[in-house]
*Asks:* 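One structure is given below, represented as structure tokens, and several questions about it will come after.
Any value given below was found using the heavy atoms of this structure, including those in side chains, with hydrogens, waters and symmetry copies removed. Everything quoted here is computed from the prediction, not taken from an experiment.
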Amino acid sequence: MEQIIYILLRGIAIGILISAPMGPIGMFVIQRTLSKGRWPAFFSGVGASLSDLVYCLLAGLGLSFVTDFIEAHQVLLQVIGGAVLAAFGIYLFRKNPTRSLKPAVSGSNNFWRDTVTGFALTFSNPLILFFIIGLFARFNFILPEYKPFHFVLAYTSILVGALIWWYVVTLFVNAVRSRFNVRSLWMVNRIIGGVLFCMAACGIVLAIKEYMQG
């Protein structure tokens, strides 16, 4: 029982820590909460959590060829990830929020599409794998003596931790959503879109610079 609690607490903590940094997906979820509502944003977070879970599985299984591939193609992956992020930034910057704050029509939300969007945005940054490996080592999380049940519990608890984070974030942002009008949402779109594009541009420039120096 003590080992189960050990796995649960650390798994939930790792799931939260992976999701908590306010990077591109965090800003995207905030924007989507304001523009489309809480549940579309939450399912975008679900997609991000599933992407993180895939990387956690790769880290936990110790697939060295995956980490070797990422290290060998780090520049290319950073450029591709930057291009995806830049596309999201441009989309948000140009998005017209005229209808965003109107009540959603029943059945108009496509939660599968929201999930896929969140997954794609998060999965475009495979370098997070090294952050996850660091967390696993820091928490001494995956142990050789684990049985299949323990592995299932470990990865499930990571997913639960990530979902808890996105549930809380969307709950909070949705609570202050009524303070935003169309004009303020337009500004939010432009600010977040501009920040995402700048982050993408910096990542691409740094990747190319590292390649030139190497």
Side-chain angles (χ1 to χ4, degrees), residues 14-36 40-41 44-59 63-97 100 113-138 162 165-166 169-170 173 184-214:
I14 289 173
I16 292 174
L17 288 173
I18 294 172
S19 304
M22 193 49 63
I25 185 62
M27 290 186 287
F28 181 72
V29 167
I30 289 174
Q31 187 278 336
R32 181 149 287 197
T33 305
L34 296 174
S35 64
K36 296 185 64 176
S44 297
V46 170
S49 302
L50 292 175
S51 173
D52 290 335
L53 182 62
V54 170
Y55 284 124
C56 286
L57 287 169
L58 293 176
L63 300 180
S64 59
F65 73 90
V66 175
T67 55
D68 291 343
F69 176 83
I70 292 176
E71 287 180 342
H73 301 85
Q74 183 171 337
V75 174
L76 177 61
L77 292 172
Q78 281 183 300
V79 171
I80 294 174
V84 172
L85 186 57
F88 272 105
I90 294 172
Y91 166 76
L92 290 181
F93 190 87
R94 300 181 61 184
K95 183 176 175 64
N96 188 340
S100 295
R113 183 174 60 192
D114 296 324
T115 302
V116 171
T117 301
F119 183 94
L121 182 57
T122 307
F123 199 73
S124 66
N125 179 28
L127 299 182
I128 194 175
L129 180 63
F130 298 106
F131 177 55
I132 293 172
I133 292 173
L135 286 176
F136 277 17
R138 172 65 181 81
W165 172 258
W166 294 122
V169 168
T170 54
V173 176
S184 59
L185 183 57
W186 180 273
M187 291 301 299
V188 169
N189 282 1
R190 291 204 161 191
I191 291 172
I192 293 180
V195 170
L196 290 179
F197 184 83
C198 289
M199 291 174 65
C202 288
I204 293 174
V205 169
L206 290 175
I208 295 175
K209 183 178 179 181
E210 182 178 341
Y211 175 78
M212 297 295 291
Q213 292 177 344

*Asks:* Which residues satisfy the side-chain contact (heavy atoms from CB on, under 4.5 Å) test with F197, sequence neighbours excluded?
*Replies:* A86, I90
*Asks:* Let me confirm one number: the SG-CZ distance from C56 to F136, rounded to the nearest 0.5 Å.
*Replies:* 4.5 Å
*Asks:* Please report the closest heavy-atom contact between G45 and V29, naming both atoms and the distance.
*Replies:* N-CG2, 4.2 Å
*Asks:* Working to the nearest 0.5 Å, report the span between CG of L57 and CG of D52.
*Replies:* 11.0 Å
*Asks:* Residues two or more places apart in sequence or in another chain: which of them pass side-chain contact (heavy atoms from CB on, under 4.5 Å) with A162?
*Replies:* S19, S49
*Asks:* First locate atom CZ of F28, then atom OG1 of T33, and finally report the distance between them rounded to the nearest 0.5 Å.
*Replies:* 10.0 Å
*Asks:* From I133 CD1 over to I128 CD1, what is the distance, rounded to the nearest 0.5 angstrom?
*Replies:* 11.5 Å
*Asks:* Give every donor-acceptor pair under 3.5 Å between a side-chain atom in residues 117-127 and any protein atom, sequence neighbours left out.
*Replies:*
{"unit_1": "T117", "atom_1": "OG1", "unit_2": "R113", "atom_2": "O", "d": "2.8"}
{"unit_1": "T122", "atom_1": "OG1", "unit_2": "G118", "atom_2": "O", "d": "2.9"}
{"unit_1": "S124", "atom_1": "OG", "unit_2": "L121", "atom_2": "O", "d": "2.7"}

*Asks:* Any chance you could measure I30, atom CD1, to S44, atom OG, to the nearest 0.5 Å?
*Replies:* 12.5 Å
*Asks:* Any idea which heavy atoms bring W166 and A48 closest together, and the distance?
*Replies:* NE1-CB, 4.3 Å
*Asks:* With sequence neighbours left out, what residues match L17 under side-chain contact (heavy atoms from CB on, under 4.5 Å)?
*Replies:* L135, F139
*Asks:* Could you tell me which residues satisfy side-chain contact (heavy atoms from CB on, under 4.5 Å) with V205, sequence neighbours excluded, listed by chain and number?
*Replies:* none
*Asks:* Measure across A83 and I204 and return the closest heavy-atom pair with its distance rounded to 0.1 Å.
*Replies:* N-CD1, 4.0 Å
